[in-house]
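One structure is given below, encoded as structure tokens.
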There are 2 protein chains.
Amino acid sequence: MSGRETAEHPPAPAPAPAPARGSLSRDVVLAGAVELADRIGVDALTIRRLADHLGAKPMTIYHYVANKEDIIDGMVGRVFDEITRPPLDLPWKAAIRMRAESAREVLRRHPWAPPLMESRTNPDPSILGHHEAVLAVWFQAGFPLELIAHAGAVLDAFLYGFALQEAALPFGEREGDLSEIADQLITPMSPDEYPHMVRFAGEYVMQPGYDFGRSFDFGLDLILDGLEAAAAR
Amino acid sequence: MSGRETAEHPPAPAPAPAPARGSLSRDVVLAGAVELADRIGVDALTIRRLADHLGAKPMTIYHYVANKEDIIDGMVGRVFDEITRPPLDLPWKAAIRMRAESAREVLRRHPWAPPLMESRTNPDPSILGHHEAVLAVWFQAGFPLELIAHAGAVLDAFLYGFALQEAALPFGEREGDLSEIADQLITPMSPDEYPHMVRFAGEYVMQPGYDFGRSFDFGLDLILDGLEAAAAR
DNA sequence: GGCGCTTTTCGTACTAAGTACGATGCGGTA
DNA sequence: TACCGCATCGTACTTAGTACGAAAAGCGCC
């Protein structure tokens, strides 16, 4: 459930490479977990499958992590580390845009991540460091405290929410057009009950060049421009 | 894990009311599931606990639902039903604002819901009907197709993303100020490593009247105004 | 080179959760 | 009252997380 899986449940447990005495470490375990989650989804990520993926036995993993929660924490930390931090030597708009676009790419690679990123109760340094870097930009831009709060909340809401939507897209749609896939979702809908959805799907979504991602650029511009206006006010 | 729980794991299984032959139904089961999830979180929502909550035995539940996935689908449907649909007899901005504010309230009542709402692969009529109603507003407002797509994506991203953030707030903060709770999160952070976070927390977040929710109004206005401008262009 | 210590790996097994299968029993109808 | 169908549930199998402690693999020191 919770549909954050890339595929359905037991999807190719991944072949076991070669075990070897000193080949594991917390980092290797976490990297393997991220890899596997990308492939089969977090819900299907089990200790046993992760062990197989790493060429080890389940209980070996517990030598490097405290428990599954700890694994998730570490995975989220790695995701944050993949996101480019906004550089301080650029105007705030460019810096924030860079970070936002990076976040989108990263979250597309790790569609299981968005719901987990905000809910960590033990944030690791990767997470804190990332947020610190973003805050630094707002401060340097001279935003008043209240606007900083709003800017951060609105922008992150957009990033996570957009990623959440993208993660739910029927696969192929995630890059390029979809047509067929959406077709099968739309067809069973009666045009009498859902006239606008059917029309919208037929006239827009299922057209050749459709790309959900364009809405990201639109939204990002809208928000950045709005923040700029608010800052100037 | 995934922190969508209201509390930690085995939190008061809820006393068992009275069983009774004809007292159950799919609706009663789903309503009970939503209630219980509100109280203990989705991750802690198990068939056995739900059964207790309903005063029944685990296997009885399967007479009304196919499996747990089906329960989640139904729960999400119920959440959508709680959200006010935008009325067609209002200007689009007012109608959409009404729906957005309702969505926020509802998602605050059901903090487990945001990650699940977009990921249903078997959307039930509640979900489709809701989206149909929103689409109807855009069409009636005369938005071009592309702007409709963008508006929907950006607004929903904001709604889900904001709800996701709110769900992660340390409880009390969710309504009113927090001070103490945030204090304990901030204190262990070194001002050397995280100068901006410490400053921001001290000077803004931990002040008496702080309310995260104000950023919702700010963001909603920002987006609605931006869409208005885009529509006029 | 042998020996024990540390670190890493793992086998076994317990608990909890989803749920298949079939039995049981209640309520109404003929 | 005898029967039937639907609602309820008991039992049990599978998968998952992980506690506990044993085995084993390298390492330094004698």
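All chains are named by letter (A, B, ...) in the order of the sequence lines, taking the proteins before the strands, and each is independently numbered beginning at 1. In what follows, every heavy atom counts, from backbone to side chain, and hydrogens, waters and symmetry copies are set aside.
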**OP:** May I have the distance from B:I40 (atom CD1) to C:dA17 (atom C1'), rounded to whole angstrom?
**Re:** 13 Å
Original post:
Counting side-chain heavy atoms from CB outward, which of D:dC9, C:dC10, C:dT9 is closest to A:Y64?
Top reply: C:dT9
Original post:
Expressed in angstrom and rounded to an integer, what is the separation of B:I71 atom CD1 from C:dT19 atom P?
Top reply: 8 Å
Subject >> d(CZ, A:R26; C1', C:dT7) in whole Å >> reply: 18 Å
Original post:
So, is B:K57 close to the D:dT8 phosphate, meaning a side-chain N or O under 4.0 Å from OP1 or OP2?
Top reply: no
**OP:** Between A:M59 and B:Y62, just flag the one whose closest nucleotide in DNA chain C comes earlier from the 5' side.
**Re:** A:M59
Subject >> Distance test, side-chain N/O of B:R49 to OP1/OP2 of C:dA16, below 4.0 Å >> reply: no
Original post:
Are A:T60 and C:dC10 close enough that a side-chain N or O sits under 4.0 Å from OP1 or OP2?
Top reply: yes
**OP:** Provide, to the nearest angstrom, the distance between the NZ atom belonging to B:K68 and the P atom belonging to C:dG18.
**Re:** 4 Å
Subject >> Shortest side-chain distance from A:T46, nucleotide among D:dG17, C:dA17, D:dC9 >> reply: D:dG17
**OP:** Could you state the atom-to-atom distance from CD of B:E69 to C1' of C:dA17 in whole Å?
**Re:** 16 Å
**OP:** Please determine if A:R78 and A:D124 form a salt bridge, counting it only when a charged side-chain N lies under 4.0 Å from a carboxylate O.
**Re:** no
Original post:
Taking only side-chain nitrogens and oxygens of B:H63, does any of them come within less than 4.0 Å of OP1 or OP2 of D:dT8?
Top reply: no
Original post:
Do B:D43 and B:R49 sit within salt-bridge range, that is, some charged N less than 4.0 Å from a carboxylate O?
Top reply: no
Original post:
Below 4.0 angstrom, N of the basic side chain to O of the carboxylate: do B:R26 and B:D70 qualify?
Top reply: yes
Original post:
Given atom CG of B:L50 and atom P of C:dA16, what is their separation to the nearest angstrom?
Top reply: 18 Å
Subject >> d(CG, B:L54; C1', D:dA7) in whole Å >> reply: 14 Å
**OP:** Nearest-nucleotide wise, let me know which of B:R48 and B:G22 is further upstream toward the 5' end of DNA chain D.
**Re:** B:G22
**OP:** Specify the separation, in whole Å, of atom CD1 of A:I72 and atom C1' of D:dA16.
**Re:** 14 Å
Original post:
Among A:V76, A:V79, A:L116, A:V42, which residue meets the side-chain contact (heavy atoms from CB on, under 4.5 Å) test with A:H110?
Top reply: A:V79
Original post:
Are the aromatic rings of B:F80 and B:H131 close, with centres under 6.0 Å apart?
Top reply: yes
